[in-house]
Amino acid sequence: AFAQFNPNPVLELSATGEVIYFNAAALQMAKTFGREHPAKILPANTAAIVRDCLATASPTLRLEAKTGDRTLSWSFFPVAQTSVVHCYAGDITERKQAEASLARLATVVEQSSETIIITDTRGTIIYVNPAFEKASGFTGAESSGQHPRMLNSGKQDAGFYRQMWEVLARGETWRGHFVNRRKDGTLYEENATISP
């Protein structure tokens, strides 16, 4: 009943790696690839995985395999009493694409020549990029957990910061000009855009 009503592909494999059972979800997944049987979308080294699972009595988890332009995740669980392996599959294409997109974004942020600071809602710094480190002299480790006021040069008055926080509290983007203080005490200027 677990396999029958499971919305995810479930297969049972013999000790030689042959498919001896599959549920409707497994068949449906195979059909989305234009295949008539779920055996046609199993990873190429399935027989070896099955042998290893049974020999070691250990599962093989989250094995990623490309099928066409999609990525499937496979997990194999040995059932020693009957010398079979239960196999579960999931299409993780969207997750892999999202991970790749985040990796690209992280690369852009890391390599940007613009200083980037990320804070939590209380203003505590949780990330600074290398350009910030170069401009301010503060390392990421020194900045983490601090408040951006550590850059305060005294050249902006309390009203300046109050107006800035009022704009941010409304959920709007603030744009303005700062005179900040580096770690070594020297001053530097920057145009800033702060988005909540």
Side-chain angles (χ1 to χ4, degrees), residues 1-112 116-133 139-141 143-146 171 195-196:
F2 167 77
Q4 183 180 357
F5 295 110
N6 195 318
N8 300 304
V10 177
L11 301 92
E12 187 172 80
L13 308 172
S14 71
T16 60
E18 294 176 40
V19 176
I20 53 179
Y21 171 82
F22 57 87
N23 68 354
L27 180 60
Q28 183 60 36
M29 179 179 273
K31 287 185 176 181
T32 65
F33 287 98
R35 312 285 166 64
E36 292 300 316
H37 196 280
K40 302 290 186 186
I41 61 170
L42 283 167
N45 58 340
T46 295
I49 294 168
V50 167
R51 282 193 303 275
D52 186 57
C53 282
L54 291 171
T56 63
S58 298
T60 296
L61 304 176
R62 293 179 291 281
L63 172 72
E64 295 179 9
K66 293 287 281 181
T67 303
D69 61 350
R70 290 164 48 197
T71 304
L72 302 180
S73 175
W74 298 91
S75 290
F76 299 83
F77 296 88
V79 183
Q81 301 90 328
T82 52
S83 293
V84 297
V85 171
H86 289 176
C87 176
Y88 307 99
D91 189 336
I92 59 170
T93 304
E94 287 183 14
R95 189 188 86 205
K96 296 300 286 184
Q97 290 170 342
E99 288 171 357
S101 179
L102 286 174
R104 282 191 299 275
L105 177 60
T107 300
V108 169
V109 168
E110 286 288 311
Q111 295 181 359
S112 175
I116 298 174
I117 303 172
I118 299 175
T119 71
D120 64 15
T121 55
R122 294 181 307 268
T124 304
I125 296 172
I126 56 177
Y127 171 83
V128 297
N129 72 340
F132 171 85
E133 293 178 341
T139 67
S143 304
S144 183
Q146 300 297 317
S195 300

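Note that the coordinates shown come from a computational prediction; the quantities given were computed from them, not determined experimentally.
With sequence neighbours excluded, no residue satisfies side chain to side chain contact (heavy atoms under 4.5 Å, CB included) with Leu102. Qualifying side chain to side chain contact (heavy atoms under 4.5 Å, CB included) partners for Ile92, counting only residues two or more places apart in sequence or in other chains: Glu64, Thr71, Ser73, Arg95, Lys96.
Here Tyr127 contributes atom OH and Glu110 contributes atom CD; the two are 3.5 Å apart, rounded to the nearest 0.5 Å. Atoms CD and CZ, from Gln28 and Phe22 in turn, are 12.0 Å apart once rounded to the nearest 0.5 Å. Here the straight-line distance linking atom CD1 of Ile41 with atom CG of Leu11 works out to 7.5 Å at 0.5 Å rounding.
Residues Ile125 and Ser143 share a closest heavy-atom pair of CB-O, 3.4 Å. Among all heavy-atom pairs drawn from Ser112 and Asn129, the shortest one is O-ND2, 3.9 Å. Nearest approach of Thr16 to Ala47, heavy atoms of both residues: O-CB, 3.8 Å. The heavy-atom pair separating Val85 from Cys53 by the smallest distance is CG2-CB, 4.2 Å. Nearest heavy-atom pair across Asn6 and Asn8 is OD1-N, 2.8 Å. Taking every heavy atom of both residues into account, Ile117 and Phe132 meet most closely at CD1-CE1, 3.5 Å.
Without hydrogens or angle criteria, Thr107 side chain to Ala103 main chain gives a donor-acceptor distance under 3.5 Å. Under a 3.5 Å cut-off, the side chain of Ser75 and the backbone N or O of Arg62 do form a donor-acceptor pair. Proximity of a side-chain donor or acceptor of Thr32 to a complementary backbone N or O of Met29 within less than 3.5 Å is detected. With hydrogens and angles disregarded, no donor-acceptor distance shorter than 3.5 Å links the side chain of Thr124 to the backbone of Asp120.
Between Lys40 and Phe33 there is no side-chain heavy-atom pair separated by less than 4.5 Å. Asp91 is listed as a side-chain neighbour of Leu72, based on a closest heavy-atom distance under 4.5 Å. Side-chain contact between Asn23 and Phe5 is absent, with no heavy atoms from C-beta onward closer than 4.5 Å. Side chains of Val128 and Glu133 form a contact here, defined as non-hydrogen atoms less than 4.5 Å apart. Contact check for Leu13 versus Phe76: side-chain heavy atoms found under the 4.5 Å cut-off. A heavy-atom distance below 4.5 Å is not found between the side chains of Val79 and Glu12. Side-chain contact between Trp74 and Ile49 is absent, with no heavy atoms from C-beta onward closer than 4.5 Å. Counting only heavy atoms from C-beta outward, the side chains of Pro78 and Pro59 approach each other to under 4.5 Å.
Around NZ of Lys31, the count of heavy atoms belonging to other residues, nucleotides or ligands within 6.0 Å does not exceed 12.
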Inset, instruction - Begin from the C-alpha positions of Thr46 and Cys87 and carry the test side chain to side chain contact (heavy atoms under 4.5 Å, CB included) through to its verdict. - result: CA-CA 10 Å; Thr46 295; Cys87 176; over 6 Å; no
